[in-house]
Amino acid sequence: MAKAVHIQDIAEYVGQEVTLQGWLYNRTDKGKLQFLQVRDGTGFIQCVVFQKEVPEEVFAATARLTQESSLIVTGVVRQDSRAPGVPGGYELSVSDLKVVQIADEYPIQPKEHGVDFLLDNRHLWIRSRKQWAVLRVRATVIRAIRDWLDDHGFINMDTPILTPAACEGTTTLFATDYFGEPAYLSQSGQLYNEANIYAFGRVYCFGPTFRAEKSKTRRHLTEFWMVEPEIAFCDLDQLMEIEEQFVSYIVQTCLRERKHELALLERDTRMLEKVEPPFPRISYDEALEILARIREETEDEELRELLQIEWGDDFGSPHETELTKRFEKPVFVYGYPTRAKAFYMEPWPGRPEVCKSVDLLAPEGYGEITGGSERISDPDLLVERLKEWGLPRQAFEWYIDLRRYGSVPHSGFGLGVERTVAWICGIDHLREAISFPRTLKRVYP
RNA sequence: UCCUCGGUAGCUCAAUAGGUAGAGCGGCCGGCUGUUAACCGGUUGGUUGCAGGUUCGAGUCCUGCCCGAGGAGCCA
């Protein structure tokens with residue numbers, strides 16, 4: 001048998017006979033000539049079967065292939081600009097074909113389908129080109145995340161998924177039974193990472209997090225992946241520098257390594273190419289001024305209503321969308337009102353109503369992709385905050401301890417993987433940025 | 001939790017004013033040597049989300065329920 005190769009490497013084998021193992025994606029039967037679109041997980045390629053060039057039984061078997069039948073096909077690689085695929089421009093002149101299995105009638109056709117149907121068939125939908133491309137980009141995003149952090153002195157320190165208490169209220173936590181006691185699925189590894197930095201300096205955790213929010217929007221999943229770096233001896237400005245380098249590296253890596261997939265997704269990459277440090281930084285107060293100006297200038301009554309905001313409120317998605325429209329790059333918004341954010345955030349010097357927090361908003365309407373802050377390092381202030389937020393002190397004793405034994409200024413942030421993938425891919429719903437999405441109304445398949 | 005929209009063939013949809021449920025795609029049969037979601041001819045395919053009501057007659061009108069989607073709030 002000829003050498004078994006992957007479609008993604010096909011350009012290296014022009015003129016040679018190779019074997020591909022894969023599945024039939026689609027085909028066109030022209031009578032004595034058949035075009036097979038074959039995918040093997042690494043790409044898509046057109047295989048051309050001429051009646052005259054293959055044994056009779058091979059041609060007959062080819063004619064019986066149904067969509068998604070598994071097969072092993074051998075032929076000579078030819079360069080041909082007419083050939084579709086990923087990467088396009090190459091096709092296989094088939095000399096032999098072995099059927100592994102004739103697939104049953106496949107429910108997903110190469111045409112428009114409804115969301116409900118596709119999600120019910122998510123286990124099959126991931127084979128479709130667009131879904132395949134998005135999930136390949138996702139894998140690259142994840143690798144870029146790890147590479148950048150590992151190369152910049154961060155050590156991977158994963159944090160527990162089963163946790164005893166909330167860092168923000170329990171209404172958004174999934175409860176489980178832990179041998180008769182309640183335990184909750186983690187929403188964040190941050191508090192544990194604050195312990196980890198005192199052992200390792202710079203750390204990150206990376207894993208799934210769970211939010212039982214009743215959010216039914218394109219920007220929400222109940223299970224999503226988050227990377228959370230945490231850094232000792234780091235203030236808010238230094239945090240923003242780290243974030244902009246980190247996010248730029250992720251985007252540039254995808255542009256470099258996932259050209260074909262982004263092209264397949266018809267992603268206009270011009271905006272992504274601009275994603276390089278430094279990113280613009282505006283304060284919460286400046287953001288409010290910009291929003292006020294937009295409200296004055298707009299003719300759109302509905303928009304004016306949506307953009308209504310009082311000092312002290314957090315932004316909703318309409319605010320984020322309008323703000324980011326004014327910038328070509330991701331934009332940092334820092335210095336949020338203390339009461340709109342979590343209990344552990346360091347107050348702004350001289351302005352206790354403001355905290356040293358920062359969100360990074362992606363352009364093109366994609367909104368918040370990271371949220372972070374400098375953390376409170378003074379034990380007395382932390383205790384005071386726990387009291388103000390009505391949190392049980394005994395559950396946080398260990399966390400207060402961190403401020404008693406060598407406390408230092410420290411900061412960290414969380415980056416949502418699916419939001420980042422959705423932004424880079426230019427897709428409009430998070431559910432396509434993970435292989436098996438968990439949403440408010442769906443845990444199947 | 002609230003607001004909006006939707007549920008008809010395997011899929012995507014249509015069905016005038018309440019009057020015989022239809023088309024394309026897919027499947028199956030046949031034809032075609034350059035197709036790009038091919039094309040051409042034939043054929044197959046229905047508990048109209050569920051329950052009740054009005055009516056001579058309900059996919060269509062009324063009531064209740066179920067399911068899904070988009071958005072708000074909340075958040076990454």
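Residue numbers begin at 1 in each chain, while the letters A, B, ... track the order of the sequences.
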Donor-acceptor pair present, [X] side chain and [N] base, under 3.5 Å:
X	N	value
A:S215	B:C74	yes
A:Q34	B:U35	no
A:H113	B:C11	no

Select base, sugar-phosphate, or nothing to describe what [X] touches, counting heavy atoms under 4.0 Å on all strands.
X	result
A:E223	nothing
A:I108	nothing
A:G367	nothing
A:T370	sugar-phosphate
A:P107	nothing
A:F117	sugar-phosphate
A:E418	nothing

Can a donor-acceptor pair be found, under 3.5 Å and without considering hydrogens, that links the side chain of [X] to the backbone of [Y]?
X	Y	value
A:K356	A:D237	no
A:H6	A:Q8	no
A:S70	A:Q101	yes
A:T140	A:C254	no

Gap between atom CG of A:L402 and atom CD of A:E194 - 0.5 Å precision: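 Nearest 0.5 Å value for the CD-CG distance: 7.0 Å.
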Interatomic distance, A:C205 atom SG to A:E228 atom CD [nearest 0.5 angstrom]: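 That separation rounds to 4.0 Å.
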What nucleotide among [options] has an atom nearest to a side-chain atom of [X]?
X	options	answer
A:D314	B:C11, B:G34, B:C75	B:C75
A:H429	B:C74, B:U33, B:G70	B:G70
A:V115	B:U12, B:A69, B:U35	B:A69
A:E105	B:A76, B:G27, B:A69	B:G27
A:Q109	B:A37, B:C75, B:C11	B:C11
A:R82	B:A69, B:A76, B:U35	B:U35
A:R211	B:U35, B:A69, B:A76	B:A76
A:K111	B:G34, B:C25, B:C32	B:C25
A:P84	B:U35, B:G34, B:C32	B:U35
A:E213	B:A72, B:C11, B:C74	B:C74

A:F224 ring over B:A76 six-membered base ring, under 5.5 Å and 30°: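 Stacking is present between B:A76 and A:F224, given that their ring centres fall under 5.5 Å apart and the planes under 30°.
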Geometric class of the A:F154/A:W148 ring pair [parallel <30°, tilted 30-60°, perpendicular >60°]: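 Ring orientation of A:W148 relative to A:F154: tilted.
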Whole Å only: how far is the [atom1] atom of [X] from the [atom2] atom of [N]?
X	N	atom1	atom2	answer
A:R438	B:A76	CZ	C1'	19 Å
A:H220	B:A72	NE2	C1'	11 Å
A:E228	B:C75	CD	C1'	13 Å
A:K214	B:G73	NZ	C1'	14 Å
A:L65	B:G27	CG	C1'	16 Å
A:L440	B:A69	CG	P	8 Å
A:F44	B:A37	CZ	P	12 Å
A:N121	B:C11	CG	C1'	10 Å

A:P110 vs A:Q67 side-chain heavy atoms within contact, under 4.5 Å: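 A side-chain contact under 4.5 Å exists here.
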Same-atom distance ([atom1]) from [N] to [M], integer angstrom:
N	M	atom1	value
B:G52	B:C11	C1'	31 Å
B:G10	B:U4	P	32 Å
B:U8	B:G59	C1'	6 Å
B:U47	B:A9	C1'	13 Å
B:G26	B:G45	C1'	11 Å
B:G22	B:A76	C1'	47 Å
B:U55	B:U16	P	23 Å

Audit row: A:F315, A:Y336, ring pair (Phe, Tyr, Trp, His ring centres under 6.0 Å) steps and yes/no: CA-CA 10 Å; A:F315 299 128; A:Y336 285 82; 5.7 Å; yes
Within 45° cone and under 6.0 Å: A:R129 NZ/CZ vs A:F44 ring: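 Geometry flag: set, cation within 6.0 Å and 45°.
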Cation over ring face, A:R122 and A:W125, 6.0 Å, 45°: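 Here A:R122 passes the 6.0 Å and 45° test against A:W125.
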From CA spacing to verdict: salt bridge (charged side-chain N to carboxylate O under 4.0 Å, His left out), A:E68, A:R39: CA-CA 9 Å; A:E68 287 302 317; A:R39 56 175 195 85; 2.7 Å; yes
Watson-Crick or G-U stems involving RNA chain B, each at least 3 pairs long, distances under 3.5 Å, ordered by first number: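 Expected stems, ordered by start: B:1-7 with B:66-72, B:10-13 with B:22-25, B:27-31 with B:39-43, B:49-53 with B:61-65.
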Taking N or O atoms only and anything under 3.5 Å, show me the protein contacts with nucleotides 64-66 of chain B, one pair per line.
none

Can you check nucleotides 2-9 of chain B for protein contacts, nitrogen or oxygen pairs under 3.5 Å, and list what you find?
none

Short side-chain N/O contact to [N] OP1/OP2 from [X], under 4.0 Å:
X	N	value
A:N26	B:A38	yes
A:R431	B:G70	yes
A:S317	B:A72	yes

A:F413 and A:F246 aromatic centres sub-6.0 Å: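 Aromatic pair counts; centres sit under 6.0 Å.
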Side-chain H-bond candidate by donor/acceptor type, [X] with [Y], under 3.5 Å:
X	Y	answer
A:S93	A:E53	no
A:Y204	A:D150	yes
A:S186	A:T209	no

Comparing A:T439 and A:V417 on RNA chain B - which has the more 5′ nearest nucleotide: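 Mapping each residue to its closest nucleotide by heavy atoms, the 5'-most match is A:T439.
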Most 5' of A:R442 and A:M226 on RNA chain B, judged by nearest nucleotide: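 Here A:R442 is the residue nearer the 5' end.
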